[in-house]
Amino acid sequence: MAETSATTETGEPASRPRKSSWKYIGPGIVVAATGVGAGDLVATLIAGSKFGYTLMWAAVIGCVVKISLAEAAGRWHLATGRTLFDGWRSLGPWTTVYFAIYVVVWGFIYGATAMSSSALPIVALFPDGPGLKFWAIVTGLIGLVFVWFNRYAVFEKVMTVLIGIMFVVVMYVAIRVVPDVGASFAGLLPVLPDGSLLYTLGLIGGVGGTITMAAYGYWVNAKGWSNSSWMKVMRLDNRVAYITTGLFVVAMLVVGAELLHASQIALTSGDRGLIDLGKVLEDRFGAGTAKLFLIGFFATSFSSLIGVWHGVSLMFADFVERFRAPAAGAEQAEEHAGPAATERQQRSLPFRAYLLWLTFPPMTLLWLDEPFGLVIAYGVLGAFFMPFLALTLIWLLNSSRTPGEWRNGWVSNGMLALSGLLFVVLCVQQVRDLPW
């Protein structure tokens, strides 16, 4: 540990800044692995199949937007010693009402979606074995047991292995289809072909853009980073995460452009589109490549499952802890933020109750069509989350709640405002597309 050399505004000792180092990388890998789900990869594939390399620039902008959002969430935790929900609560009771409804409805439907997505590649790999519902339940139970009995350090190692598998497989497939390097660079020039606006917005805002971005600050604390001396480390960690995510997006665009665009092959929307791609890869490159891809598909889906099981359960535990307690000032809040608090929350009843909520009630949806009203509520609440995150971060990081040294500069404000505007447009479109 570094020696103390200064004091914070509250008079507490502050450690010297840690040097950014690759050996500290971790929470960013977790948020990248969790945020990139199978549905995101299909959306990127479809964009590549329709427009080739033309929207490559949108993938790059999306990467920069995500870096800005996650950096802001991590900076709030480290600069203030307070959790993100504690910050939201300081903005008024409306944030508590929104989050309470959101986390219950979202968790119910997401649980079924994550289990089904993880089961799909297993069924494709073992077509003569048990069916989708069986494997969906098995993956949900494995996720539950893993997160229930393991702390953050083990969780991070497993997530690192899963993202390593994802990275190797996606890059291998992109290389196998032989990317057109010239067209890739040409795609960095911003162009909007006819009919591409929604695909462009989806590329910028979709991949890795979930509630897990808000969980980033909680994973930062779980890693042991608890004050502003870790700011440089967090920023390096965050950039590595979203540059990795950006490479995933570029690789899937390449696959869509080279494998699907030229052949005019259409994929099924949603997670099942990756099963379609597996069949295309088998026809083109043989069963070995197709099976390798399905293993990468499983790593993508299952990393999202256990990432949400851990990260959103942490957020829920923090939500319950603060809801029960009186509104805390900054000094009180520090008792509920940081590695010690995260360790306590991982063993808490609310953490485990939300784990059970993510696992067992959603299993009923595996046998039922999703109820109409629930689909509408899930769609509306989910669409509003990313604008909610971007705009509340602007509010928190420009106010006296944040120490002056760590408030937003013009670059951060510009990026967060751009992302907020983008997510508002996406929110309106998502709400319009719901089956009213």
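Just the heavy atoms: all of them, side chains too, but no hydrogens, waters or symmetry mates, feed the values below. Because the structure is predicted, anything quoted here is derived from the model rather than measured.
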- prompt: Below 4.5 Å, heavy atoms only, C-beta onward: do Leu55 and Pro193 meet side chain to side chain?
  reply: yes

- request: Taking all heavy atoms of Gln346 and all of Asn150, pick out the closest pair and write down the distance.
  value: OE1-O, 4.4 Å

- prompt: To the nearest 0.5 Å, how far apart are OG in Ser68 and CG in Leu416?
  reply: 6.5 Å

message: If the test is side-chain contact (heavy atoms from CB on, under 4.5 Å), which one of Trp309, Phe108, Phe316 qualifies with Leu358?
response: Trp309

Working for side chain to side chain contact (heavy atoms under 4.5 Å, CB included), residues Glu71 and Met415: CA-CA 11 Å; Glu71 187 275 342; Met415 291 307 303; over 6 Å; no

- request: Check whether any side-chain N or O of Trp148 sits under 3.5 Å from a backbone N or O of Arg352 as a donor-acceptor pair, and report yes or no.
  value: no

field: Pairwise side-chain contact, Val250 with Thr44, heavy-atom cut-off 4.5 Å (strictly under)
entry: no

message: Determine whether a donor-acceptor pair (N or O, by modelled atom type, separation under 3.5 Å) exists between the side chain of Glu156 and the backbone of Val30.
response: no

message: With rounding to the nearest 0.5 angstrom, report the CG to OG distance, Leu274 to Ser117.
response: 7.5 Å

task: Compare every heavy atom of Thr244 with every heavy atom of Val240, then report the nearest pair and how far apart it is.
output: O-OG1, 2.7 Å

query: Can you check whether Met231's main-chain N or O pairs, donor with acceptor, with Ser228's side chain at less than 3.5 Å?
result: no

Please set out all donor-acceptor pairs under 3.5 angstrom arising from side-chain atoms of residues 165-175, sequence neighbours excluded.
residue: Tyr172; atom: OH; partner: Arg176; partner atom: NH1; Å: 2.7

- prompt: Which value, rounded to the nearest 0.5 Å, describes the distance between Ile61 atom CD1 and Ser419 atom OG?
  reply: 12.5 Å

- prompt: What pair of heavy atoms forms the shortest contact from Ala112 to Pro362, and how long is it?
  reply: N-CB, 3.3 Å

- prompt: What pair of heavy atoms forms the shortest contact from Leu396 to Ser399, and how long is it?
  reply: O-OG, 3.0 Å

message: Main chain of Val191, side chain of Trp57: is a donor-acceptor contact present, judged purely on distance under 3.5 Å?
response: yes

field: Donor-acceptor contact below 3.5 Å, side chain Tyr216 vs main chain Ala73
entry: no

Side chain to side chain contact (heavy atoms under 4.5 Å, CB included) between Leu389 and Leu84, worked out: CA-CA 10 Å; Leu389 176 62; Leu84 187 54; 3.9 Å; yes

Close side-chain approach of Val31 to Asn238, heavy-atom, < 4.5 Å: no

query: Which value, rounded to the nearest 0.5 Å, describes the distance between Ile211 atom CD1 and Phe99 atom CZ?
result: 5.0 Å

Side-chain heavy-atom pair Leu78, Met234 within 4.5 angstrom cut-off: yes

- prompt: How far apart are the C-alpha atoms of His77 and Tyr218, what are their side-chain angles, what is the distance that settles it, and do they pass the ring pair (Phe, Tyr, Trp, His ring centres under 6.0 Å) test?
  reply: CA-CA 8 Å; His77 275 249; Tyr218 291 84; 4.9 Å; yes

query: Taking the inter-plane angle between the rings of Phe297 and Phe293 on a 0 to 90° scale, is it parallel (under 30°), tilted (30 to 60°) or perpendicular (over 60°)?
result: tilted

- request: Ignoring hydrogens and angles, tell me if any N or O in the side chain of Thr95 forms a donor-acceptor pair with the backbone of Gly92 under 3.5 Å.
  value: yes

- prompt: Does the side chain of Leu259 come within less than 4.5 Å of Leu277's, by heavy atoms?
  reply: yes

field: Least distance between heavy atoms, Tyr242 atom then Cys63 atom
entry: O-SG, 2.8 Å

- request: Start with the C-alpha gap between Tyr102 and Tyr98, add the side-chain angles, then the distance that decides, and say whether ring pair (Phe, Tyr, Trp, His ring centres under 6.0 Å) holds.
  value: CA-CA 6 Å; Tyr102 172 80; Tyr98 169 75; 5.7 Å; yes

message: Just so I know, are the side chains of Ile142 and Phe302 near enough to count as touching, which here means a heavy-atom distance under 4.5 Å?
response: yes

message: I'd like to know if the side chain of Ser304 and the backbone of Thr34 have a donor-acceptor N/O pair within less than 3.5 Å.
response: yes

- request: Under the side chain to side chain contact (heavy atoms under 4.5 Å, CB included) rule, what do Trp406 and Leu397 come out as? Steps first, then yes or no, please.
  value: CA-CA 8 Å; Trp406 302 111; Leu397 292 168; over 6 Å; no

- prompt: Between the side chain of Asn398 and the main-chain N/O of Ile394, is any donor-acceptor distance below 3.5 Å?
  reply: yes

- request: Check the pair Asp318, Thr83 against side-chain hydrogen bond (donor to acceptor under 3.5 Å, both in side chains), reporting the backbone distance first and the verdict last.
  value: CA-CA 8 Å; Asp318 184 52; Thr83 65; 2.7 Å; yes

- prompt: Does the side chain of Arg82 come under 3.5 Å of the side chain of Ser90 through a donor N or O and an acceptor N or O?
  reply: no

query: Counting only N and O atoms by type, is there a donor-acceptor contact under 3.5 Å from the side chain of Ser301 to the main-chain atoms of Phe298?
result: no

message: Within this structure, what is the CG-OG distance for the pair Leu253 and Ser184, rounded to the nearest 0.5 Å?
response: 9.0 Å

message: Once rounded to the nearest 0.5 Å, what's the spacing between atom CD1 of Ile137 and atom CG of Leu132?
response: 9.5 Å

message: Looking at every heavy atom in both Arg401 and Trp395, which two are closest together, and how far apart are they?
response: NH1-NE1, 3.9 Å

query: Does a side-chain heavy-atom distance below 4.5 Å link His310 with Tyr152?
result: yes

- request: Flag the pair Tyr354 / Leu314 as yes when at least one side-chain heavy-atom distance between them is below 4.5 Å, and no otherwise.
  value: no

- request: Test Trp135 against Leu120 for side chain to side chain contact (heavy atoms under 4.5 Å, CB included), laying out the working first.
  value: CA-CA 8 Å; Trp135 286 117; Leu120 275 171; over 6 Å; no

